[in-house]
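Keep in mind that what you see is a predicted model, and the values were worked out from it rather than measured. As the structure lists them, so they are numbered: ligands from 1, and atoms in each ligand from 1.
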Amino acid sequence: MARLERLAAEVVEEVQPVYRDIERTALENHRRVLDAFHAAGVREYHFLGSTGYGYGDAGREALEKAWALIFGAEEALVRVQLVSGTHALATCFFGLLAPGDELLCVQGTPYDTLCPVIGLQNPSPRSLTGMGVYYRQLEPLSDGGIDLAALRAALSERTRVVFLQRSCGYRMRRALRIEEIEAVAGLVHRASPRAVVLVDNCYGEFVETREPCAAGADLVCGSLIKNPGGGLAPTGGYIAGRREYVQAAAERLTAPGLGAAVGPTLGLTRLLLQGLYLAPHFVSEALKGAVFAARFFERLGFTVMPAYDAPRGDIVQAVRLGSPERVMAFCRAIQQSSPVDAAVRPEPGPLPGYADGIVMAAGTFIQGASLELTADAPLREPYAVYLQGGLSKEYVYLGVLTAARELIKLENRLAKLEN
Ligand SMILES: *Cc1c(COP(=O)(O)O)cnc(C)c1O
């Protein structure tokens, strides 16, 4: 197997210029985070937290102030009561959309777990379409960009939410860049003042030096067990943006009249603040791991998305493996390379919110946390795996080499069977 190690060493040299760009981005993001901590006046007593209703929780207020500043937002809701990214997104949709309003998705079918929320197939009466919200979808351009002419034509009086997804999701497509989000937001605000530009920011935080609200988006949300939790947040989600929309979402999360005023932090504030503080660094490590994986698997002959030296909008690296056997071998190798549950053998299975069988390798300290090294793949064409996270680039390197070895073993077994 010395051949693989030699190739890996060559790849490490090739990716150095890309690593330097990632480090420049990380430094700017660190600076923005530190400035926000100072402006929010983070203090040691903020870590104590609250119980019960959580009235007057100064630590929660400091966290949310820092978050709003970092994300270019007027206000932020950062709560452990938001269970996941899907919950944060659903909270925004139900807070903003009333019967008769239209939700316009401009990049094709949204992320798997949002389909039941919207009610795309067999809508439940509690889904958006089930309660009378109109849904309309535009397809992305062949290069993954947004069809601005089609978007302009589709906007109407009843368009209330224009929905964008920054990350690729389980698709072999590239992620959206902040400048593209800026173009969409500008167009929508000029043409349709009532429309709210909502961005699913999952996996995108700290990948560039600006976040969507700083580029004109009205509202963003995401998960704390991805990028902005910095590997330390044990659970949670966030919603940030224009005050009136954040407040509308807060009244959905709790109740009309209560809004953001309640929500105990249960002693978790230190982990959320410390995770946010470290997030730009861990995102840069994950990006370096993804860049290495992209070049390494490309040199082994696989199609990858994005290419190692292409601009990135998220931390996800897709590798097209072409067969379910290879997908299983890859995911099992990532599981074996994990610090926790390394002996577990991932099997494809149903997961709440996902229609296709999905295989997930996640030997993580926090269940399902995908800023830690994870690989997932829906078992469907084109049999691609989506690799993300890794709290250090070295752990990604080790996992990627193990995966390559397992793929080679599989090919050797298949070749023997044929003879
Ligand atoms: C992870 C993710 C979500 C939300 O998923 P949760 O598992 O509910 O946090 C939504 N959109 C995209 C693009 C994602 O990657």
| Heavy-atom proximity to atom 7 (O) of ligand 1, best of Asp200, Val83, Thr86 | Thr86
| So Phe93 and Phe163, would you call those rings parallel, tilted or perpendicular, with 30° and 60° as cut-offs? | perpendicular
| query | Once the angle between the rings of Phe302 and Phe297 is folded into 0 to 90°, is it parallel (under 30°), tilted (30 to 60°) or perpendicular (over 60°)? | reply | perpendicular
| request: Apply side chain to side chain contact (heavy atoms under 4.5 Å, CB included) to the pair Arg171 and Gln165, showing each step before the final yes or no. | output: CA-CA 12 Å; Arg171 307 276 170 78; Gln165 178 181 307; over 6 Å; no
| If you measure only the distance, is there a donor-acceptor pair under 3.5 Å linking the side chains of Tyr135 and Gln137? | yes
| message | At under 4.0 Å between heavy atoms, is it the side chain or the backbone of Gln165 that contacts ligand 1, or both, or neither? | response | side chain
| query | Counting only heavy atoms not in Arg299, do more than 12 fall under 6.0 Å of its CZ? | reply | yes
| query | Of all the atoms in ligand 1, which lie at a distance below 4.0 Å from a heavy atom belonging to Tyr203? | reply | 15 (O)
| task | Please indicate whether any nitrogen or oxygen in Ser167 is less than 3.5 Å from any nitrogen or oxygen in ligand 1. | result | no
| task | Name the closest protein heavy atom to atom 9 (O) of ligand 1, giving the residue it belongs to and the distance to 0.1 Å. | result | Gly85 N, 2.7 Å
| query | What about the rings of Tyr111 and Tyr170, do their centers lie closer together than 6.0 Å? | reply | yes
| query | Does ligand 1 have any atom that is closer than 4.0 Å to a heavy atom of Lys226? | reply | yes
| said: If we set the cut-off at 4.0 Å for heavy atoms, which region of Arg166 has an atom near ligand 1: side chain, backbone, both, or neither? | reply: neither
